[in-house]
Amino acid sequence: MNDIHIEKEVKKFKDSQLLSRLLSYAKPYWKMILLCITLAFLIVVSDLARPYLIKVAIDGHINGLNKPMVVMDAADSDILKPYGDVTLWNGKAYARLDSETAAAFALSLPSGASKAQIVKVGGSQWLASEWIPPGQLERVVTADGGLKLPQQDGRVIAAQPLESSALDAFRKQDYSGFAKLGAIFLIAVVGSAILSYLQSNLLQYTGQTIIFNIRQQLFHHLSRMSMSYFDRNPVGRLVVRVTQDTESLNQLYSQVVVNLIKDMIVLIGIVAVMLQMNVKLALLSFAVLPFLAVLTFWYRSVIREAQRRSRIILSRLNSFLAENLSGIRITQLFIREQRQWEQFDHHNTEYYKAGMRGTVINSIFQPAIGFLGNLAIALLLWYGGASVIEGGITFGIVYAFTHYVRQFFQPLMSLAEKYNQIQTAMVGAERIFDMLDEKPAIVDTKEPKRLPAHVRGEIKFENVWFAYTEEEWVLKDVSFTIQPGQTVAFVGATGAGKSSIIQLINRFYDIQKGSIKLDGVDIREIALDDLRHYISIVQQDVFLFTGNIASNIRLNNQDITEEQIREAARMVHMDDYVRSLPDGYQTLLGERGINLSLGQRQLLSFARAIAFKPQILILDEATSNIDTETEIVVQAALSNISAGRTTLIVAHRLSTIQHADQIIVMHKGKVREIGNHYSLLAQRGYYYRLYELQYKEQKATMQEAR
Ligand SMILES: Nc1ncnc2c1ncn2[C@@H]1O[C@H](COP(=O)(O)OP(=O)(O)OP(=O)(O)O)[C@@H](O)[C@H]1O
Ligand SMILES: [Mg+2]
């Protein structure tokens with residue numbers, strides 16, 4: 001037999017299959033997702049704008065004073081407007097040039113224009129009448145009538161020192177520039193915060209809605225599965241599927257997908273901005289990318305396996321826990337704590353090891369990415385710093401680059417985490433789809449037959465062979481007919497197959513050979529809902545749902561009135577007891593409510609069966625836990641109820657079934673004898689022996705009592 005605790009490790013789906021199925025769930029919400037991506041785009045734009053704004057502040061304003069300028073008469077100041085802010089001083093108009101325009105103007109200036117530049121020499125600023133080559137700015141000295149350049153044959157350039165009032169005039173545009181940049185910066189920050197808030201809420205909403213649908217589908221699917229499915233799958237595992245695995249999918253929808261797209265936009269955006277700012281510096285920063293690719297490739301290949309393993313073991317651990325906690329009563333009763341503990345310890349250690357492996361891999365990957373990022377910044381400082389001094393690159397660009405490089409590596413640092421989430425989600429998706437793909441073993445035929453409002457209730461077994469697992473026959477060639485309205489009893493030793501017969505009638509399991517007919521129709525052709533609608537089964541072990549007494553009798557069937565509930569309870573003699581409770585029929589059961597005794601549970605399940613007014617009533621040792629006095633009452637009620645209904649009774653106490661129209665004696669999966677009490681006794685066969693045994697016992701106890 002297969003060990004039901006072994007989680008299937010076979011992989012059934014290709015990643016592409018999983019993805020397309022995952023996407024199909026997101027499809028109805030594509031508008032939301034598109035909106036989120038648009039928001040992500042805007043957020044990225046505002047994030048990337050910040051280093052650029054600082055660059056403009058540094059190059060354009062902090063260091064703007066010493067830029068090359070063109071000069072014209074104040075009257076012609078309009079001509080200078082296109083180049084930027086114009087400073088009017090001393091009857092002239094001055095405009096600063098950026099390095100490209102300056103390079104173009106170096107060859108030919110517009111007519112009527114001349115060059116000028118403010119240069120800092122020996123602690124004060126001078127207005128020179130020419131442009132100083134960038135590499136020489138530091139080395140200019142004062143000389144008679146102006147400034148002297150160290151190279152160019154020591155030529156002297158006409159220049160005049162600037163008063164502080166003059167400097168203020170030239171600086172004025174910088175102060176207003178700071179104010180403007182500051183405002184834009186603030187808008188970018190606030191805008192990004194608001195958009196992020198909107199985006200994350202929208203994403204959560206979308207993710208939760210998708211997962212809500214998936215959970216609903218899963219539960220609906222599970223509730224249609226056949227009993228054999230639940231025989232194979234421990235409840236703990238199913239709980240993990242519906243709760244934990246769907247949650248991992250939620251992460252995928254609400255965080256991973258859009259954030260991955262966002263990261264892509266960030267990466268592409270940064271590459272574009274850097275290339276546009278300075279090609280050389282950009283290529284230099286990208287020199288570490290091949291190492292990054294190798295590292296990521298290595299990571300991908302090792303982490304995937306580690307995470308898969310860890311998930312499988314976790315699921316095993318969860319099933320183990322769920323099962324053992326629900327069986328804790330037995331564990332403690334039989335003092336098996338030590339053994340259980342060892343098993344738990346084994347699973348727990350395995351999970352710990354699997355988790356540690358993932359942690360070790362991550363603890364290599366993340367710092368390595370961080371190292372590559374810092375290496376890129378070191379390269380930038382080495383080359384960029386030197387270029388700033390030589391005048392090839394402005395300080396603002398180097399500053400912006402260091403920021404962009406850091407921003408570039410940020411998504412890569414959290415790549416590990418995202419990869420983890422994707423893997424977890426993929427494993428979850430695989431198991432969810434695996435579960436959804438498992439067809440219920442017992443389904444309606446294409447055109448199921450509907451039953452009329454009233455069935456007669458004739459049940460016919462014809463050469464039925466049945467096994468729970470391959471070829472281990474539990475029922476062998478069983479045939480019998482139950483006439484409409486008859487009361488039929490099944491007797492036989494433990495394991496003879498009585499309960500199995502009963503579970504076949506409402507198709508909890510399907511038979512392998514032969515046929516079972518209800519009113520002459522094979523039950524496999526009858527709509528399942530119809531079939532089960534007409535049959536009520538009262539079993540020995542009664543399951544109570546969380547809720548009150550009334551809801552446990554009614555089981556969500558709103559057609560059953562309060563009065564009918566009370567009537568049913570009265571028939572099984574529970575009404576008095578229930579009414580003695582402070583909350584009556586509204587008394588909560590289980591968990592935080594009262595707990596009924598085993599016998600009371602059976603009575604309640606009796607009431608449940610009666611309230612549903614089935615046309616076929618099946619009782620599987622339903623009175624085994626009820627005291628003799630109550631049982632007699634219930635029997636009386638039963639003969640009332642069973643009048644006009646086909647009733648099947650499984651009982652060990654033969655005294656309770658003597659009045660049955662037919663008694664079917666089972667032995668090792670076969671029908672041994674059929675007849676009524678008297679004819680069976682007359683046969684002096686198996687039934688006779690059973691009866692003798694019980695009768696003698698009874699007589700002995702009665703004599704003892706005397
Ligand atoms: N869900 C199941 N999966 C596999 N085998 C099962 C299952 N339920 C019962 N069996 C097997 O089927 C055989 C018949 O069991 P069944 O429950 O029908 O006996 P029974 O006559 O009702 O016994 P009892 O008087 O103890 O209730 C047993 O040998 C049992 O091991
Ligand atoms: Mg049984």
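Counting starts at 1 for both ligands and their atoms, in listed order. Bear in mind that the values here come from a model prediction, so they are computed numbers and not experimental data.
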Top protein contact for [atom], by heavy-atom distance:
{"atom": "atom 25 (O) of ligand 1", "value": "K498 NZ, 2.8 Å"}
{"atom": "atom 26 (O) of ligand 1", "value": "T494 CG2, 3.1 Å"}
{"atom": "atom 28 (C) of ligand 1", "value": "G495 O, 4.1 Å"}
{"atom": "atom 1 (N) of ligand 1", "value": "D231 OD2, 3.1 Å"}
{"atom": "atom 22 (O) of ligand 1", "value": "S499 OG, 2.6 Å"}

Mode of V474 contact toward ligand 1 - side chain, backbone, both, neither (heavy atoms, under 4.0 Å):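 The part of V474 near ligand 1 is the side chain, not the backbone.
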Greater than 12 external heavy atoms within 6.0 Å of N556's CG: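 Counting neighbours around CG of N556, 12 or fewer heavy atoms of other residues, nucleotides or ligands fall under 6.0 Å, so no.
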Heavy-atom pair with the smallest gap, counting every atom of V521 and I526: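 Looking at all heavy atoms of both residues, the closest pair is CG1-CG1, 3.8 Å.
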Under a 3.5 Å cutoff, is there a donor and acceptor pairing between the side chains of [X] and [Y]?
{"X": "D575", "Y": "Y585", "result": "yes"}
{"X": "E342", "Y": "Q338", "result": "yes"}
{"X": "T445", "Y": "E525", "result": "no"}
{"X": "D231", "Y": "S228", "result": "no"}
{"X": "D620", "Y": "Q539", "result": "no"}

At a 4.0 Å threshold, what atoms of ligand 1 neighbour a non-hydrogen atom of [X]?
{"X": "S500", "value": "14 (C), 15 (O), 16 (P), 18 (O)"}
{"X": "Y509", "value": "1 (N)"}
{"X": "E621", "value": "25 (O), 27 (O)"}
{"X": "H652", "value": "25 (O)"}

Exercise check, heavy-atom protein proximity under 4.0 Å to atom 12 (O) of ligand 1: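 Under the 4.0 Å cut-off, atom 12 (O) of ligand 1 does have protein heavy-atom neighbours.
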Under-4.0 Å protein heavy-atom contact, atom 30 (C) of ligand 1: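 There is no protein heavy atom less than 4.0 Å from atom 30 (C) of ligand 1.
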Carboxylate-amine/guanidinium proximity below 4.0 Å for K460 and D522: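 Answer for the salt bridge query: no.
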Check ion pair R232-E438 (N to O, under 4.0 angstrom):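 A salt bridge links R232 with E438.
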Geometric N/O contact A496 with ligand 1, under 3.5 angstrom: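 By distance alone, the answer is yes.
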Nitrogen or oxygen of G497 less than 3.5 angstrom from that of ligand 1: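 G497 vs ligand 1: N/O contact under 3.5 Å present.
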The Mg ion (ligand 2) contact by S499, N, O or S atom under 2.8 Å: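 Within the cut-off used here (under 2.8 Å), S499 does place an N, O or S atom near the Mg ion (ligand 2).
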Parallel, tilted or perpendicular: ring planes of Y695 versus Y691, cut at 30 and 60 degrees: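 Plane angle under 30°, so parallel.
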Option nearest atom 2 (C) of ligand 1 (shortest heavy-atom distance, choices Y468, F466, F508):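 Selected option, by shortest heavy-atom distance: Y468.
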